[in-house]
Amino acid sequence: MTNCMKNKDLLKEKGIIMWSDDKIEAFQKTLLDWYDANKRDLPWRRTSNPYYIWISEIMLQQTQVDTVIPYYERFIDTLPEISDLAAASEDTLLKLWEGLGYYSRVRNMKVAAGQIMADHNGIFPEDYDAIKSLKGIGPYTAGAVSSIAFNRPHPAVDGNVMRVLSRLFEIELDIGKASSRKVFEEMIHLLIDRERPGDFNQALMDLGATICTPKNYKPETSPVKDFNASYLNETWARYPIKQGKKKVREENYVVLAVPTDEGEYLFQKRASEGVLSGMWTFLMIPTEVINEDGWKSFGGSADSLTDTQAELLVDYIKNEYGLIIACDNNLKGTYTHIFSHLKWHMSIYEAVVIGETETGHSLHAIHPDDFPDTAFPVPTQKVWEMVNTITLF
DNA sequence: CATGCGTGGCG
DNA sequence: TCGCCAAGCAT
């Protein structure tokens, strides 16, 4: 059985009728003509260097184009060769990635650069399976790099492509489910322009980003509206099918800004797994530590710590970090940081160290002069802004 | 396969 | 204001 027949069987099973060869050809021409006239001028579209295209694709994961551009420029300036990435320190990489989020992406890139140095003589591999086996590269990114950098006809199915296809074909599949991606990939296998696969994939993504958008969608403005079943049938508002997200978990912390005699501040490095892994924060103490009844310091009457709460805090810091502190009971400010799946409610206080019960604890003192060379996640930056403002006045 | 993983923009 | 959204991947 040919691959083509397998494709059609899978689509048939999902109730998807593929277009005729003539219609596919007409669609390719219409889409690529639109792309040639309207494609966005983006930095990574001025290069054919697979390393640079790879960087752009990783940065663009779940991240908007306007956010990525300055990060991309700085990254290729700082690490112009794959060997530079392989040799870079984690501190250097995290500083380059600071504020971009999903920090495991850049850690994975360093691992992948090592794979390329060790297994491919430092040359970015052209083979799809070799690309896909690199750390941090999944089916989307492997398809994007192989089609854009090497002109290979592999699908690159992201959220844009699933939305565009859902509307073109009135697809009933939930685009949030992992199993759906395979079906869209089979459709692209049949639809993709074999002469210009990279441009075809990028054209679909540009269409999704600029015309076939999640909100404010106006199907009559699309260059491929004549191919759009949901437009012709006036069902477009239904697509794509997507289930709602679950509510985010909320956590409450006492955050302690602790200056030293030398004008440094104490920071803790987060665990190597989990949220903001390996990054620096001020001391963060779950509020449960100072009140087992779920006391919250924000939005209520308990703006300042009671003496009992301060004592519990001092005991905790002594046991956990081996430090004796004196805590200012007055609340310095609050800040809520919203992650994709989590909320941190932070109540900020100041404390000073007045003794130590042991040395070699897990905290590090960093001077504000060195902040520009240290990678801080946004919650740490926001807390620092508040602490710095209060300290100045 | 569902969940965890950042951040900023938008209506 | 706040929930949703943006060129996904590892586990």
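The sequence lines fix the lettering, A, B, ..., with proteins before strands; numbering per chain opens at 1.
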In terms of side-chain geometry, is the basic nitrogen of [X] or [Y] positioned less than 4.0 Å from the acidic oxygen of its partner?
X: A:Lys23; Y: A:Asp226; value: no
X: A:Glu186; Y: A:Lys182; value: no
X: A:Arg238; Y: A:Glu170; value: no
X: A:Lys95; Y: A:Glu98; value: yes

What nucleic acid atoms does A:Ser56 come within less than 4.0 Å of, heavy atoms only: base, sugar-phosphate, or nothing?
->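 Contact class for A:Ser56: none.
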Base, sugar-phosphate, or nothing for A:Val65, non-hydrogen atoms under 4.0 angstrom?
->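 The answer is base, as A:Val65 lies within the cut-off (heavy atoms under 4.0 Å) of a base atom.
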Does OP1 or OP2 of B:dT7 have a side-chain N or O of A:Tyr103 closer than 4.0 Å?
->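 It does, given that an N or O in the side chain of A:Tyr103 lies less than 4.0 Å from OP1 or OP2 of B:dT7.
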Should A:Ser277 be listed as having a side-chain N or O under 4.0 Å from OP1 or OP2 of B:dC5?
->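 False: A:Ser277 side-chain N/O out of range (4.0 Å or more) of B:dC5 OP1/OP2.
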Starting from the 5' end of DNA chain B, give me the residue, A:Ser179 or A:Gly274, whose nearest nucleotide shows up first.
->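 Upstream on the strand: A:Ser179.
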Hey, which of these two, A:Asn216 or A:Gln61, hits DNA chain B nearer its 5' end, going by closest nucleotide?
->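 Checking each residue's closest nucleotide, the 5'-ward one belongs to A:Gln61.
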Rounded to whole Å, how long is the line connecting atom [atom1] of [X] with atom [atom2] of [N]?
X: A:Ile338; N: B:dT7; atom1: CD1; atom2: P; answer: 12 Å
X: A:Asp158; N: C:dC9; atom1: CG; atom2: P; answer: 10 Å
X: A:Arg270; N: B:dC5; atom1: CZ; atom2: P; answer: 9 Å
X: A:Lys382; N: B:dG6; atom1: NZ; atom2: C1'; answer: 13 Å
X: A:Phe339; N: B:dC5; atom1: CZ; atom2: C1'; answer: 10 Å
X: A:Lys245; N: C:dC4; atom1: NZ; atom2: C1'; answer: 6 Å
X: A:Met279; N: B:dC5; atom1: CE; atom2: P; answer: 14 Å
X: A:Tyr217; N: B:dG11; atom1: OH; atom2: P; answer: 18 Å

Hey, which of these two, A:Lys215 or A:Arg40, hits DNA chain C nearer its 5' end, going by closest nucleotide?
->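 The residue closer to the strand's 5' end, by nearest nucleotide, is A:Lys215.
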Residue mapping more 5' on DNA chain C - nearest nucleotide basis, A:Ala142 or A:Gln243 =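 Result: A:Gln243.
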In terms of heavy-atom contacts, does CG of A:Asp21 have more than 12 from other residues, nucleotides or ligands at under 6.0 Å?
->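 No.
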For the side chain of A:Ser340 and the base of B:dG4, is some donor closer than 3.5 Å to an acceptor across the two?
->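 When only heavy-atom distances are counted, A:Ser340 does not reach the base of B:dG4 through any donor-acceptor pair under 3.5 Å.
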Determine the interatomic distance between P on C:dC9 and the same-named atom on B:dG8; round to the nearest Å.
->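 Rounded to whole Å, the distance is 22 Å.
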B:dT3 and C:dC4: how far apart are their P atoms, nearest whole angstrom?
->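 Rounded to whole Å, the distance is 15 Å.
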